[in-house]
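Predicted model only: the values in this text are computed from it and were never measured.
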Protein chains: 2
Amino acid sequence: MEEQIVDVLKKSQLSVTDSRRKILELFLQADSAMAHHDIETKAGEKFDRVTVYRTLQAFLEKGIIHTIPTPDNSVKYALCKDNCEQGHHHDDHVHFICKICGITTCLDDVHVPEIKLPRGYKTQQTEVVVSGICKECS
Amino acid sequence: MEEQIVDVLKKSQLSVTDSRRKILELFLQADSAMAHHDIETKAGEKFDRVTVYRTLQAFLEKGIIHTIPTPDNSVKYALCKDNCEQGHHHDDHVHFICKICGITTCLDDVHVPEIKLPRGYKTQQTEVVVSGICKECS
DNA sequence: CTGCATTTTGCAACATTGTTGCAAAATGCA
DNA sequence: TGCATTTTGCAACAATGTTGCAAAATGCAG
Ligand SMILES: [Zn+2]
Ligand SMILES: [Zn+2]
Ligand SMILES: [Zn+2]
Ligand SMILES: [Zn+2]
């Protein structure tokens, strides 16, 4: 695990610091997407709030994580499992939010469909977020 | 217009007040979705920030407007054109965000596709947000 | 291993966004 | 017009996000 963490950071040309190690560890262990606040809490009081913001920002830019928009306006973050690179994300999977337990998960095997838009519109990215009841809660 | 405004409010069992009239007017005139901040600004200094929050909340509950989640975590609001009712929204259309001009629009004619989920997951609502370049900007 | 340029962190201060309680004002109805 | 009820504005607060800067940590070259 520790090895994997250092590996990911180095591949992304990020220096290896305590906060990055810890936060990346959280993502590797997490089985669902996390909100900024979750991350801050789980990381413990060891790290400043600002550091968490900046670390997430760095991870996003390097393509280590991706964001998930939610209807209640609380962005969540999850690991990129595809080979995302600096500025080039390839997270074309569907996201699921359980209305009962609240967890947000990446459905890595469910690909976003192609949406046919009216003449003149050019698609660059499609986000699909499904809300409902998850496997555990049903 | 004024007639239509009063009509919508009465049908939704909302008393007709200055702020509701003004904010509903903004929605009827708008050609794209608005963020809370846009609404606050466009409504002028006549209304308190809190009143705008509460008015949007009321409109949402009554099914007059619906929310649109965006990747940058800024919820936008738009009129429901279908016959949405108290607690029952039927906004099954795709939303589009232009990365150049920034506008967010309801593509009322583009319906969200059915997404086949893994066994155990139950779909209640599907949100599709497409980012790219709009008709005007391309 | 050590020194040093560069990056990252923590802190403080601030801006923005969203929430709550309550008294005053407006609304709708009799 | 009077009056019960709803809505508003204000104040105070909580949560979230941003910026500048000095101190600390990192990584690299010698
Ligand atoms: Zn669940
Ligand atoms: Zn995902
Ligand atoms: Zn555009
Ligand atoms: Zn819409």
field: Donor + acceptor pair across side chains of A:Arg20, A:Ser15 (<3.5 Å)
entry: yes
- prompt: Rounded to whole angstroms, how far apart are OH on B:Tyr53 and C1' on D:dA15?
  reply: 11 Å
Provide a list of protein-nucleic acid N or O atom pairs under 3.5 angstrom, restricted to nucleotides 24-30 of chain D.
from, atom 1, to, atom 2, distance (Å)
D:dG27, OP1, A:Val16, N, 2.6

Euclidean distance, atom CD of residue A:Glu40 to atom C1' of D:dA14 [Å, nearest integer]: 14 Å
message: Just N and O in the side chain of B:Arg49: are any of them under 4.0 Å from OP1 or OP2 of D:dG9?
response: no
statement: Ranking D:dT8, D:dT16, D:dT19 by distance to the side chain of B:Arg54, first place goes to D:dT8
- request: Rounded to the nearest angstrom, tell me the gap between atom CD1 in A:Ile23 and atom C1' in C:dT9.
  value: 12 Å
- prompt: Just the dot-bracket of DNA chain D, please: which string comes out with Watson-Crick or G-U pairs under 3.5 Å, [ ] for crossing, | for another strand?
  reply: ||||||||||||||||||||||||||||||
- prompt: Whole-Å distance between D:dT7 P and B:Gln57 CD?
  reply: 13 Å
- prompt: Separation of B:Asp72 atom CG from C:dT16 atom C1', in whole Å?
  reply: 14 Å
- prompt: Is the closest side-chain heavy-atom distance between B:Phe59 and B:Leu24 below 4.5 Å?
  reply: yes
message: Under a 3.5 Å threshold, yes or no: a donor from one side chain and an acceptor from the other, between B:Thr70 and B:Ser74?
response: yes
- request: To the nearest Å, give me how far apart NE2 (B:His36) and P (D:dA15) are.
  value: 19 Å
- request: Would you please test B:His93 and B:His111 for side-chain contact (heavy atoms from CB on, under 4.5 Å) and show each step?
  value: CA-CA 4 Å; B:His93 56 270; B:His111 285 240; 5.8 Å; no
message: Counting C-beta onward and ignoring hydrogens, is there a side-chain heavy-atom pair between A:Lys11 and A:Lys62 closer than 4.5 Å?
response: no
message: I'd like to know whether the aromatic ring centres of A:Tyr53 and A:His36 sit less than 6.0 Å apart in this structure.
response: yes
- request: Answer yes or no: is there a side-chain heavy-atom contact under 4.5 Å between A:Val130 and B:Leu117?
  value: yes
A:Phe27 vs A:Leu56, side-chain contact (heavy atoms from CB on, under 4.5 Å): CA-CA, chis, key distance, verdict: CA-CA 11 Å; A:Phe27 276 111; A:Leu56 292 175; 3.8 Å; yes
field: Atom pair distance, as rounded to whole Å: NZ in B:Lys22 and P in D:dT8
entry: 15 Å
field: Check: A:Val110 and B:Lys116 side chains under 4.5 Å, non-hydrogen atoms
entry: no
field: Interatomic distance where CZ belongs to B:Phe47 and P belongs to D:dC10 [whole Å]
entry: 12 Å
